[in-house]
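Below, chains carry the letters A, B, ... as their sequence lines are ordered, and counting in each starts from 1.
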Protein chains: 2
Amino acid sequence: MDGPVNMRVSTASSAAAHTADCAIFAFSEGELRVLLVRRSVEPFAGSWLLPGGAMSQEDTLEETARRVLLELVGVQDISLTQVGTFSDPGRHPVRRVVTTCYYALVRPENHTPTPRGHLSDAAWYRLDDVPPLGFDHDELLRAAHHQLIQHLRERPMVFDLLPERFTLTEAQQLYEGILRERLDRRNFRRKMLSYDFLIETDEKRAGVQGGPLLYRIDSAALRRAEKR
Amino acid sequence: MDGPVNMRVSTASSAAAHTADCAIFAFSEGELRVLLVRRSVEPFAGSWLLPGGAMSQEDTLEETARRVLLELVGVQDISLTQVGTFSDPGRHPVRRVVTTCYYALVRPENHTPTPRGHLSDAAWYRLDDVPPLGFDHDELLRAAHHQLIQHLRERPMVFDLLPERFTLTEAQQLYEGILRERLDRRNFRRKMLSYDFLIETDEKRAGVQGGPLLYRIDSAALRRAEKR
DNA sequence: ACAAAAGTGTTGAAGGTACACCCATGG
DNA sequence: CCATGGGTGTACCTTCAACACTTTTGT
């Protein structure tokens, strides 16, 4: 419980540090991808990780995560969803660090990740190609992906991952990339078209056979639908 | 991200304390109830709260929550589910305290809550009767209850709240208490009876008109069903 | 012209919801 | 005997899953 009186709290010299780590998902070239950074200092120097940052005195965890996103991929106004908090004392080999994991969905346009600070690299990985990660970040990523799947099953909420205009096939590839299963085109399409926030444009995607129609999202209607 | 090298972390003198707060639900006299404790010291002296405790160096948050449950209601081997982490810097008026909320489901038998330490009282409240709580615990309780509802809609998982033997009406009252809506008896009953982990006994509940049959749970089969 | 991808409808199964009457027991 | 709560079945609707052929466009 909260309180300055609790003795375990009063001896606060040894309180744990708290970080926010982000599984940042994007969709490009027909594949779901996640942003990883490479750490250049010990422990886990050279390991790939989910990007994250330490919570400061003034910030909430969500603000911390938002800052990470802003600094790394220059993205603002992104939907962030809390996945869970990981507190195993052994998860950090040196100090006690508790972390709260978030997932974020970003458009492929606005992202040229720029590693700074103690990072030597930053890159988008296809989910299948993700290497073993440092700390317990494999577990964080699994949890984030699992939660994204759960949310997607309940409601349509991944249009932040698609460009302004997109074809239904692209949307289907995105769903398949997240859910990791193949979907029936006709059933998928019928479900999509039943959403009133999906708007047919009069343009077609050039350079692809079949000449697929482009669609866009009516954000206000989507907002309403997501409220439920 | 994790790392001793991050400067915001290195100045760790001011790290936040971390607590685990529990929404402990029980079902008695046909009503869903939650355990509240009354705080006897400032800040929020005299306020009702969700019980909680500070995370120590060696423990995970879940172990912390488990200890709270053990000390307060003497219950062990309870399913604990993480609800979320709350980090608003203003949520504690004095110090920086981040909390992670869990919910737990306990059988009505094993509980005579015994307030200790800085608590003057502990009592089961019907959800409707919960008074305004101290800190941001109204929000924690709302979040915990909301998550319990979500989980219950997805799968049957509240038999930890029922006694060894129970009638289907009792189970229905429990569902209704959690979901806060009225259910159709025949539909509810059909769904329950479709579960193969629900086992009809040959006893009837005495002292109640109609002479309702008692049922029990095959824990192993339930475990399997919960896996999904 | 051919290859590749887009576009399109129907049917069956399963699950959810709505609804009313008789039966068993306690008082 | 009567009041209270327990126990039961059917019809409709919605949702999801399975499944194959035609049209459009690029090469």
For A:Leu193 and C:dA6, what is the distance between atoms CG and P respectively, to the nearest whole Å? 14 Å
Length of the CZ-P vector between B:Phe188 and C:dG15, whole Å: 17 Å
Ring geometry between B:Tyr103 and B:His151 (parallel below 30°, tilted from 30 to 60°, perpendicular above 60°): tilted
Please classify the nucleic acid contact of A:Leu213 as base, sugar-phosphate, or nothing, using heavy-atom distances under 4.0 Å. sugar-phosphate
With the side chain counted from C-beta on, respond yes when B:Ile24 and B:Trp124 share a heavy-atom pair under 4.5 Å apart, and no when they do not. yes
Which whole-number value in Å describes the distance from B:Met192 CE to D:dG6 P? 15 Å
Tell me the interatomic distance from B:Arg182, atom CZ, to C:dC19, atom P, rounded to whole angstroms. 16 Å
Quickly work out the B:Leu183 CG to C:dG15 P distance and round it to whole Å. 18 Å
Please report the distance, rounded to the nearest Å, between CZ in B:Arg189 and P in C:dA20. 18 Å
Hey, what's the ring geometry for A:His145 with A:Phe25, parallel, tilted or perpendicular (30° and 60° as the breaks)? tilted
Does the pair B:Arg223/B:Asp218 count as a salt bridge with the N-to-O cut at 4.0 Å? no
How does protein contact run along nucleotides 15-26 of chain D, one letter per nucleotide 5' to 3', with B for base contact, S for sugar-phosphate only, - for none, heavy atoms under 4.0 Å? --BBBB---BBB
If you look only at pairs with a residue in residues 188-204 of chain A, which of them pass as a salt bridge (charged side-chain N to carboxylate O under 4.0 Å, His left out), with sequence neighbours excluded? A:Arg165-A:Glu203
Could you check whether A:Thr167 gets within reach of a base, just the sugar-phosphate, or nothing at all, counting any heavy atom under 4.0 Å? nothing
Just by modelled atom types, is the A:Thr85 backbone N or O under 3.5 Å from a matching donor or acceptor in the B:Gln82 side chain? yes
Gap between atoms CD and C1', on B:Gln173 and D:dG6 respectively (whole Å): 12 Å
